[in-house]
Amino acid sequence: MNRYDRIYSVIRRIPAGRVATYGQVAMLAGLPGQARMVGYALAALSARSRLPWQRVVNAQGRVSPRSSGSGVEALQRMMLRREGVRFGASDAIPLAIYRWRPRIAGR
DNA sequence: CCACTGACGAGTG
DNA sequence: GCACTCGCCAGTG
């Protein structure tokens with residue numbers, strides 16, 4: 001899993017109340033165009049990892065549907081709302097407002 | 001080695 | 001909005 005460490009360290013920097021997209025995380029982790037690897041790295045996480053996994057959403061600003069409909073999507077939205085993130089129509093988060101914009105430090 | 005499956009994303013019709 | 005296709009690539013059988 002050493003391969004995913006760069007991805008995890010990026011996610012650890014996302015502040016509460018903000019979200020980042022899979023592609024954005026991949027980019028910041030130095031893996032441009034490999035958004036899929038981010039999803040793969042997150043899927044390998046244990047259910048209650050201390051990583052703020054809920055702050056990673058897809059490019060539409062929506063919680064990505066899991067293949068194993070375990071209901072975590074609802075939990076994720078709940079956790080985000082609890083941090084102050086508001087959802088718009090179709091359960092989409094307005095990325096123009098909530099997208100995390102890191103300073104040119106971790107690149 | 002091959003085939004298939006993904007918490008993705010951009011593009012096309 | 002919907003349905004594909006393609007590019008990406010780790011993990012599994």
Side-chain angles (χ1 to χ4, degrees):
Chain A
M1 313 273 179
N2 231 315
R3 217 173 252 324
Y4 302 145
D5 287 346
R6 301 200 32 87
I7 292 174
Y8 295 145
S9 57
V10 168
I11 296 177
R12 255 190 288 278
R13 296 170 41 214
I14 307 174
R18 293 305 227 32
V19 298
T21 64
Y22 293 89
Q24 185 185 352
V25 171
M27 169 71 84
L28 293 170
L31 303 170
Q34 298 187 60
R36 244 184 143 136
M37 287 303 99
V38 176
Y40 201 64
L42 285 176
L45 240 46
S46 68
R48 29 180 170 334
S49 164
R50 72 187 208 318
L51 207 77
W53 56 270
Q54 75 275 20
R55 295 174 195 153
V56 183
V57 298
N58 62 31
Q60 331 298 310
R62 296 195 273 150
V63 167
S64 282
R66 309 307 197 264
S67 49
S68 60
S70 48
V72 268
E73 297 92 328
L75 171 66
Q76 184 173 0
R77 282 190 289 271
M78 185 191 81
M79 294 174 81
L80 287 174
R81 268 191 273 260
R82 197 160 52 193
E83 299 182 352
V85 176
R86 310 291 299 280
F87 288 76
S90 307
D91 280 328
I93 298 169
L95 293 180
I97 301 174
Y98 298 99
R99 192 171 73 77
W100 173 46
R101 293 181 185 71
R103 306 170 112 178
I104 326 93
R107 257 237 56 183

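Just so we're on the same page: letters track the sequence lines, and every chain starts at 1.
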Distance-only side-chain donor-acceptor flag, A/Q76 / A/R66, under 3.5 Å
yes
Among B/dG9, C/dA10, C/dG1, find the nucleotide with the atom closest to the side chain of A/M37.
C/dA10
Geometric cation-pi criterion A/R86 and A/Y98, 6.0 Å radius, 45° cone
no
Any side-chain to backbone donor/acceptor pair from A/R99 onto A/A20? Under 3.5 Å, distance only.
no
Once you round it to whole Å, what is the distance between P of C/dC9 and CD1 of A/I7?
12 Å
To the nearest 0.5 Å, atom CD1 of A/I11 lies from atom CH2 of A/W100 at 9.5 Å
For atom CZ of A/R3 and atom P of C/dC9, their distance in whole Å:
11 Å
A/R36 vs A/Y40, nearer the 5' end of DNA chain C by closest nucleotide
A/R36
So, does A/S67 get its side chain near the phosphate of B/dA7, meaning an N or O under 4.0 Å from OP1 or OP2?
yes
Value in whole Å for how far the C1' atom of B/dG9 lies from CE of A/M27
12 Å
Would you kindly give the OH-to-P distance between A/Y22 and B/dA7, to the nearest whole Å?
9 Å
What residues in residues 54-64 of chain A put a non-hydrogen atom under 4.0 Å from any atom of DNA chain B?
A/N58, A/A59, A/S64
Around atom CZ of A/R50, are there more than 12 heavy atoms from other residues, nucleotides or ligands closer than 6.0 Å?
no
Integer-rounded Å distance: C/dA10 P and A/Y4 OH:
8 Å
Please tabulate, one pair per line, all N/O donor-acceptor pairs under 3.5 Å involving side-chain atoms of residues 27-44 of chain A, not counting sequence neighbours.
none

Look at the side chain of A/Q76 and decide which nucleotide, out of C/dG11, B/dC8, B/dA7, has an atom nearest to it.
B/dA7
In whole angstrom, what separates A/L31's CG from B/dA7's C1'?
16 Å
Whether over 12 other heavy atoms sit under 6.0 Å from A/R77 CZ
yes
Spacing of A/I11 atom CD1 relative to B/dA7 atom P, expressed in whole Å:
15 Å
